[in-house]
Amino acid sequence: MAVELSPVSQIPAEFRVKVDHDRCRRCKRCVLNCSFSAIEFKDKVTPDHRKCVACHRCATFCPESAITIEENPMAYKDNANWTARIRQNTLKQAETGGIILTGMGNPKPYPIIWDHLVIDACQVTNPSIDPLREPMELRTYLGSKPNYLEFENDENGKIKLKTQLAPQIKLDIPVIFAAMSYGAVSHNVHKSLAIAANKMGTLMNTGEGGLHEDLYPYSGRIIVQVASGRFGVHNQYLANSAAVEIKIGQGAKPGIGGHLPGEKVGQEISKTRMIPVGTDALSPAPHHDIYSIEDLSQLIYAIKEATDYKKPVSVKIAAVHNVAAIASGIVRAGADIVTIDGFRGGTGATPAIIRDNVGIPIELALAAVDQRLRDEGIRNQASLICAGSIREAADVAKAIALGADACVIGTAALVSLGCRVCQKCYTGNCAWGIATQRPELTRRLNPDVGSQRLCNLLTAWGHELQEVLGSLGVNSIESLRGSRERLRGVGLDKETLDILGVKPAGVGM
């Protein structure tokens with residue numbers, strides 16, 4: 001027989017909300033902006049510290065800058081072993097008996113290998129004089145490339161390409177917006193991403209939530225996803241796309257599927273996902289028709305058949321210990337693109353134990369896959385896309401040097417829209433109107449403003465990539481791809497350097 005617990009929680013407040021009442025003009029804007037009900041007005045602005053998630057919405061929009069939020073110094077006594085997070089989770093589980101849910105990416109202090117890689121620079125050859133004004137090619141093409149090219153003469157005696165190329169997608173910048181489903185994020189986020197992808201010559205990805213009809217005009221810049229739940233998948237969905245992605249795994253939660261709670265499935269999401277209103281949308285980890293590489297091959301070619309062999313088919317997998325062998329099988333199954341998602345990848349909701357402890361870093365997975373495909377002579381048969389906490393343009397440059405054709409950004413894109421990485425996406429209360437379906441919150445994000453912020457981010461990253469190419473003395477991103485000789489490791493052990501195929505800093509060519 002269960003014993004009733006005290007109604008008073010023993011879990012200390014994580015944050016302290018301080019209000020400077022001398023500066024506060026009592027406009028109540030903070031109350032209106034707080035979607036977690038952490039601020040009330042009782043003759044004056046009164047915070048409920050326990051409800052604060054540090055999303056910073058109230059502080060950002062306070063016209064007098066009268067609000068500050070800080071970690072609660074008295075929450076837990078310092079202890080390097082029994083950290084505040086572990087003790088907080090222990091208390092939560094003692095009070096609820098449930099697993100710890102969380103959102104966004106892995107916050108644990110695992111080494112970030114990107115930050116231990118440095119890029120070469122040319123000194124005595126031909127560095128660029130002004131990389132922002134000289135021609136610097138960031139364009140790349142995604143899709144399977146042939147083993148060799150054949151040419152022939154046309155009726156006028158001119159040489160033309162005889163080899164029939166597999167469908168290709170042209171990217172003006174090697175950065176793609178990550179798969180985020182309609183349901184996990186709001187419609188205005190999807191629209192911001194679609195408009196920005198269209199303007200910048202790149203791609204957005206629907207995730208597993210279907211494609212809202214409002215986004216059909218941008219279909220030439222949209223990857224549509226086919227996950228195990230098959231939500232919103234139909235002929236028109238496949239036709240309105242630049243590519244089709246089969247989702248096998250996700251970096252934030254390898255081995256487990258997705259779950260959109262029924263309370264988030266309103267009329268529009270119901271229509272787009274083709275499920276009843278209020279129904280939980282469960283997408284289990286396995287596709288029920290895929291139990292082998294041969295099964296995966298059948299699905300790849302079924303999609304190619306359904307799209308008249310005009311669209312590349314991608315397969316997305318999580319970075320796990322045997323990722324190189326898995327990727328090899330996927331390429332041999334006929335995939336045109338392989339997306340590898342590392343263990344720092346973001347998510348709307350997942351058990352914290354999975355997110356923080358399952359999978360491997362994307363840097364190691366990418367290097368291992370690229371090398372395996374090269375060793376087997378099939379690297380040209382599929383493009384490699386790298387995902388899992390790509391935080392800045394430097395990460396993109398290093399990923400391409402390790403073998404990626406392009407990189408995916410999810411959290412970085414959301415941060416540019418206002419996300420403060422408070423990791424409460426699973427509550428559906430996102431104060432910034434991003435990871436929510438509450439109408440009064442979703443309208444806080446204007447798609448035109450959001451798309452411009454995303455365009456600005458990609459434009460800035462494009463300029464920074466140009467600067468890196470100029471320092472290397474090359475003028476195209478193609479020249480950097482797989483050029484590991486241009487990287488050196490600092491503070492990495494020999495085994496890690498061997499997997500990366502990178503020499504330690506101080507060693508010459």
Side-chain angles (χ1 to χ4, degrees), residues 111-123 125-128 130-142 171-178 200-203 319 339-342 344-345 361-371 383-413 415-416 456-492 496-497 499-505 509:
I112 300 171
I113 297 175
W114 298 130
D115 293 340
H116 292 267
L117 292 173
V118 290
I119 302 171
D120 187 23
C122 59
Q123 295 290 306
T125 50
N126 292 306
S128 167
D130 187 349
L132 297 183
R133 291 176 176 78
E134 295 172 23
M136 289 287 170
E137 190 59 75
L138 299 182
R139 182 178 56 194
T140 191
Y141 289 87
L142 299 181
L171 299 181
D172 292 335
I173 182 171
V175 182
I176 298 170
F177 297 128
M200 297 301 296
T202 184
L203 298 165
T339 298
I340 313 164
D341 197 14
R344 287 187 184 277
I362 183 58
E363 301 93 325
L364 299 175
L366 169 64
V369 169
D370 178 69
Q371 191 58 53
S383 296
L384 281 185
I385 296 180
C386 165
S389 196
I390 299 294
R391 306 156 301 163
E392 54 185 354
D395 295 349
V396 176
K398 293 169 186 176
I400 289 174
L402 283 180
D405 291 86
C407 292
V408 163
I409 60 168
T411 303
V415 168
S416 78
N456 289 345
L457 178 71
L458 291 191
T459 300
W461 284 24
H463 288 328
E464 290 180 334
L465 288 172
Q466 288 177 284
E467 294 276 15
V468 170
L469 294 179
S471 74
L472 287 163
V474 298
N475 60 8
S476 79
I477 205 77
E478 298 277 351
S479 300
L480 180 60
R481 181 173 306 121
S483 186
R484 303 183 193 190
E485 188 59 43
R486 308 306 299 267
L487 295 173
R488 288 293 183 271
V490 178
L492 296 174
T496 301
L497 289 169
I499 295 170
L500 294 172
V502 171
K503 296 173 184 172
M509 302 295 281

Practice task
Grab the two heavy atoms, one from C407 and one from I385, that are nearest each other, plus how far apart they are.
Solution key: C-CG2, 4.4 Å
Fill in the blank from the handout: Between I400 and I477, the two heavy atoms sitting closest are CD1-CG1, 3.7 Å
Handout entry: Rounded distance (nearest 0.5 Å) linking atom OG1 of T202 with atom CG of L171
Key = 5.0 Å
Handout entry: CD on Q466 to OG on S471, rounded to 0.5 Å
Key = 12.0 Å
Practice task
Of all the heavy-atom pairs spanning L492 and L497, show the shortest one and how long it is.
Solution key: O-CD1, 3.7 Å
Completion exercise
Of all heavy-atom pairs linking T140 and R481, the shortest is OG1-NH2, 2.7 Å
Problem - Expected output: side-chain R488 to main-chain E485 donor-acceptor under 3.5 Å - result: yes
Practice task
List the atom of I340, the atom of I362, and the distance in Å for their closest heavy-atom pair.
Solution key: O-CD1, 3.3 Å
Problem - Separation between OG of S128 and CZ of R133, rounded to the nearest 0.5 Å - result: 11.0 Å
Exercise for the section: For the residue pair P174 and L138, establish whether any side-chain heavy-atom pair is separated by less than 4.5 Å. Expected result: yes
Completion exercise
Rounded to the nearest 0.5 Å, the CG atom of D120 sits from the CG atom of L472 at a distance of 6.5 Å
Practice task
For L457 and V415, run side-chain contact (heavy atoms from CB on, under 4.5 Å): C-alpha distance rounded to whole Å, both residues' side-chain angles, the deciding distance at 0.1 Å, then the answer.
Solution key: CA-CA 10 Å; L457 178 71; V415 168; over 6 Å; no
Exercise for the section: Flag the pair E478 and R139 as a salt bridge only when some basic side-chain nitrogen lies within less than 4.0 angstrom of an acidic carboxylate oxygen. Expected result: no
Handout entry: side-chain contact (heavy atoms from CB on, under 4.5 Å) evaluation trace for F177 with I409
Key = CA-CA 5 Å; F177 297 128; I409 60 168; 4.1 Å; yes
Exercise for the section: Measure the spacing between CG of L458 and CG of D172 and express it to the nearest 0.5 Å. Expected result: 11.0 Å
Practice task
Scan residues 460-469 for pairs that pass salt bridge (Lys or Arg N to Asp or Glu O under 4.0 Å), counting only residues two or more places apart or in two chains.
Solution key: none
Completion exercise
Closest heavy-atom pair, N475 versus P135, reported as atoms and distance to 0.1 Å, is CB-O, 3.6 Å
Exercise for the section: Report the C-alpha separation of E363 and I499 in whole Å, then their side-chain angles, then the decisive distance to 0.1 Å, and conclude whether the side-chain contact (heavy atoms from CB on, under 4.5 Å) test is met. Expected result: CA-CA 9 Å; E363 301 93 325; I499 295 170; over 6 Å; no
Problem - Working for side-chain contact (heavy atoms from CB on, under 4.5 Å), residues L364 and L500 - result: CA-CA 6 Å; L364 299 175; L500 294 172; 4.0 Å; yes
Name the atoms and distances for all side-chain donor-acceptor pairs under 3.5 Å in residues 387-399, with sequence neighbours left out.
{"unit_1": "R391", "atom_1": "NE", "unit_2": "D395", "atom_2": "OD2", "d": "2.9"}
{"unit_1": "R391", "atom_1": "NH1", "unit_2": "D115", "atom_2": "OD2", "d": "3.2"}
{"unit_1": "R391", "atom_1": "NH2", "unit_2": "D115", "atom_2": "OD1", "d": "2.8"}
{"unit_1": "R391", "atom_1": "NH2", "unit_2": "D395", "atom_2": "OD1", "d": "3.1"}
{"unit_1": "R391", "atom_1": "NH2", "unit_2": "D395", "atom_2": "OD2", "d": "3.4"}
{"unit_1": "D395", "atom_1": "OD2", "unit_2": "R391", "atom_2": "N", "d": "2.9"}
{"unit_1": "K398", "atom_1": "NZ", "unit_2": "W114", "atom_2": "O", "d": "2.8"}
{"unit_1": "K398", "atom_1": "NZ", "unit_2": "L117", "atom_2": "O", "d": "2.8"}

Exercise for the section: Indicate yes or no for a side-chain donor-acceptor contact from R484 to the backbone of A367 under 3.5 Å, with no hydrogens or angles considered. Expected result: yes
Exercise for the section: State, yes or no, whether a side-chain contact exists between L480 and L465 at a heavy-atom distance under 4.5 Å. Expected result: no
Problem - Straight-line distance of L402 CG to Q371 CD, nearest 0.5 Å - result: 11.0 Å
